[in-house]
Amino acid sequence: RMKKTGYLILLLILVMTGCGKKQEEVIEKKVKYVITEPATMRKMNQVFKSDAVLEPKNKVDHKTEKGGTIEKILKRNGDAVKKGELVMELSDAATESSYFTAKANYTSALSSLNIAKNNYQKFKNLYEKELVSYLEYVGYENTYVSAKGNYEAAKASYENAKSDYDKLFRKAEIDGIVGNLFGKEGNEISSSEIIFTVVNDKSMETYVGFPAEWLTQIKVGQDLEVEVGALGKKFVGKILEINPIADSTTKKYMIKIAVDNPDRVIKDGMYSYVTIPVGEINVLSVSDEAIFVRNLLSYVFKVEDGVAKRVEVKTGATNLPYTEISSDNVKEGDRIVVKGIFGLEEGNEVEENTEAK
């Protein structure tokens, strides 16, 4: 009986071992069904893309020169103004005193100059007729020269003081819309403080850095696309300027871009995405759906001898539904997985199909 029991145990072990091997063989020979396409050389439209911040073509921050106290506010944020229109009145004792003193000095210097000039011309004529001595004539000439110098100095002081005084009655320096007006009547304003801004936002502008290798593909006046995410809209822009000098840090060339904004829907500081076509190129490409990203790197699966190989690639131009790729391990004609990527891993055995299973 002991011998019979031993045979049964040995037979059971052999059966279980055999089952395990069969299970392993099934697992090892599990095949993934995928659809592949060849990596192909295609002519693709190359594009340059960059983000940018849009600003009004004309934007002027308004300040006083010496500061002061807000006495009256005549406009509000969002109001339209014309150049020269009064927006805010301020007062400042020191600025007002300097202005009236400088004005009095200027008036006095002008009067002295006119008197000295008349005397000089009178005695010059007399001297030329030899009716007065040279010493008498030259004395009036020196007085005139001195008066002229005093007048020029008084005039410069007056013009500076008048500029400071005029800015207490702060007027718009351009046509546009009022913004950044947050002060209240009675507030004290410092000399460096912006009291309001006027923007003319019927045209918006921005600068973007452009790579050297594509400079020959663009020109002033060229159309481009500007997408404003906050509005969910795309606009047609134009290249206004191309700086011929590279930025010392980025080595890129700054280009100036303009976008018409007649309805003023684009606001100062809105983010945008600029897309510029830069010609056709003949490049290796695959279907967009073949490319997947892991840890910020792009990959495709290449099929070799019935096995999936994960290959890192760099992506380039995109012309739906294809994207440019480059890699030392992918060449034209290589079979690339386009469907069945989900769950596929490096080294999986695959069966290529023309239709999904």
Side-chain angles (χ1 to χ4, degrees), residues 47-65 73-88 163 166-167 169-183 189 191-212 214-250 252-278:
V47 294
F48 164 79
K49 292 186 176 183
S50 175
D51 55 352
V53 178
L54 295 169
E55 295 181 344
K57 179 180 179 180
N58 294 315
K59 177 180 178 180
V60 179
D61 292 328
H62 293 64
K63 304 177 183 179
T64 66
E65 292 301 321
I73 298 172
L74 293 91
K75 297 290 181 180
R76 297 179 299 177
N77 286 318
D79 284 352
V81 289
K82 293 290 185 181
K83 181 179 179 180
E85 192 172 353
L86 187 62
V87 176
M88 184 181 292
S163 175
D166 286 346
K167 285 185 178 177
F169 302 88
R170 205 63 177 95
K171 300 174 181 179
E173 295 181 15
I174 60 170
D175 292 351
I177 306 296
V178 175
N180 287 340
L181 200 166
F182 302 117
I189 302 297
S191 59
S192 60
E193 191 172 346
I194 296 171
I195 53 177
F196 63 89
T197 301
V198 177
V199 296
N200 185 343
D201 53 6
K202 287 188 176 181
S203 179
M204 306 297 285
E205 294 181 346
T206 188
Y207 283 93
V208 296
F210 197 80
W214 289 340
L215 273 180
T216 57
Q217 302 293 327
I218 61 171
K219 60 183 179 180
V220 171
Q222 178 178 332
D223 286 349
L224 51 91
E225 181 184 279
V226 178
E227 182 178 359
V228 182
L231 301 175
K233 293 178 69 176
K234 294 179 180 179
F235 300 83
V236 176
K238 283 187 182 296
I239 297 176
L240 288 186
E241 299 174 6
I242 302 172
N243 188 356
I245 302 169
D247 182 275
S248 58
T249 303
T250 65
K252 291 185 177 180
Y253 295 78
M254 300 304 290
I255 62 173
K256 188 177 185 180
I257 293 167
V259 184
D260 287 338
N261 187 35
D263 299 327
R264 293 193 166 107
V265 292
I266 306 174
K267 301 301 181 184
D268 183 17
M270 280 188 170
Y271 282 94
S272 65
Y273 299 93
V274 176
T275 303
I276 305 174
V278 286

*With the side chain counted from C-beta on, respond yes when K75 and V81 share a heavy-atom pair under 4.5 Å apart, and no when they do not.*
yes
_Is the shortest side-chain heavy-atom distance between I218 and I276 below 4.5 Å?_
yes
*asked:* Under a 3.5 Å distance rule, please check whether R170 uses its side chain to pair with a backbone N or O of H62 as donor and acceptor.
replied: no
_Measuring from atom CG of L74 to atom NZ of K171, what distance do you get when rounded to the nearest 0.5 angstrom?_
11.5 Å
_V236 and E225, any side-chain heavy atoms less than 4.5 Å apart_ = no
*Any donor-acceptor pair under 3.5 Å linking the side chain of D247 with the backbone of T249?*
yes
*Parallel, tilted or perpendicular: which describes the rings of F48 and W214, with under 30° parallel and over 60° perpendicular?*
perpendicular
*Just do the side-chain contact (heavy atoms from CB on, under 4.5 Å) check on K83 and I174 with the steps written out, would you?*
CA-CA 4 Å; K83 181 179 179 180; I174 60 170; 5.5 Å; no
*So, do I73 and L181 sit near enough that their side-chain heavy atoms are less than 4.5 Å apart?*
yes
_Minimum-distance pair of heavy atoms, taken over all atoms of A52 and V208_ = CB-CG1, 3.7 Å
*What residues form a side chain to side chain donor-acceptor pair (under 3.5 Å) with N180, not counting sequence neighbours?*
T197
*Of the non-hydrogen atoms in T275 and K49, which two are nearest, and what is the gap between them?*
OG1-CG, 3.9 Å
_Closest approach of L231 to M270 (non-hydrogen atoms, all atoms of both residues)_ = CD2-CE, 4.0 Å
*Give the minimum heavy-atom separation between S191 and E65, together with the two atoms involved.*
CB-O, 3.3 Å
*Please tell me if the side chains of I242 and L215 come closer than 4.5 Å, counting only heavy atoms from C-beta onward.*
yes
*Are any of the side-chain nitrogens in E227 or K233 under 4.0 Å away from the carboxylate oxygens of its partner?*
no
*Looking only at heavy atoms, which two atoms of V226 and S272 are closest? And how far apart?*
CG1-CB, 3.7 Å
*For the side chain of N243 and the backbone of Y253, is there at least one donor-acceptor N/O pair under 3.5 Å apart?*
no
*Taking the side chain from T206 and the backbone from V53, do they hold a donor-acceptor pair closer than 3.5 Å?*
yes
*Quick one: CG on D263 to CG on N261, what's the gap to the nearest 0.5 Å?*
7.5 Å
*Rounded to the nearest 0.5 Å, what separation is found between the CD1 atom of I257 and the OG atom of S50?*
7.5 Å
*Answer yes or no: does atom NZ of K59 have more than 12 heavy-atom neighbours from other residues, nucleotides or ligands under 6.0 Å?*
yes
_Counting only heavy atoms not in Y271 (residues, nucleotides, ligands), do more than 12 fall under 6.0 Å from its OH?_
no
*With K267, which residues qualify under salt bridge (Lys or Arg N to Asp or Glu O under 4.0 Å), at least two apart?*
none
*Is F235 close to V228 at the side-chain level, that is, under 4.5 Å between some pair of heavy atoms?*
yes
*Find the distance between CD1 (I177) and CG (D201) and round it off to the nearest 0.5 Å.*
6.5 Å
_If I take atom CG from residue L240 and atom CD from residue Q222, how far apart are they, to the nearest 0.5 angstrom?_
12.5 Å
*Mind checking the NZ-NZ spacing from K256 to K57? Nearest 0.5 Å is all I need.*
7.5 Å
*Under 4.5 Å between any side-chain heavy atoms of I239 and L224, yes or no?*
yes
*So do K252 and F210 actually touch side chain to side chain, heavy atoms under 4.5 Å?*
no
*Give the minimum heavy-atom separation between R76 and V178, together with the two atoms involved.*
O-CB, 3.6 Å
_Steps toward side-chain contact (heavy atoms from CB on, under 4.5 Å) verdict (N77, F182)_ = CA-CA 8 Å; N77 286 318; F182 302 117; 3.9 Å; yes
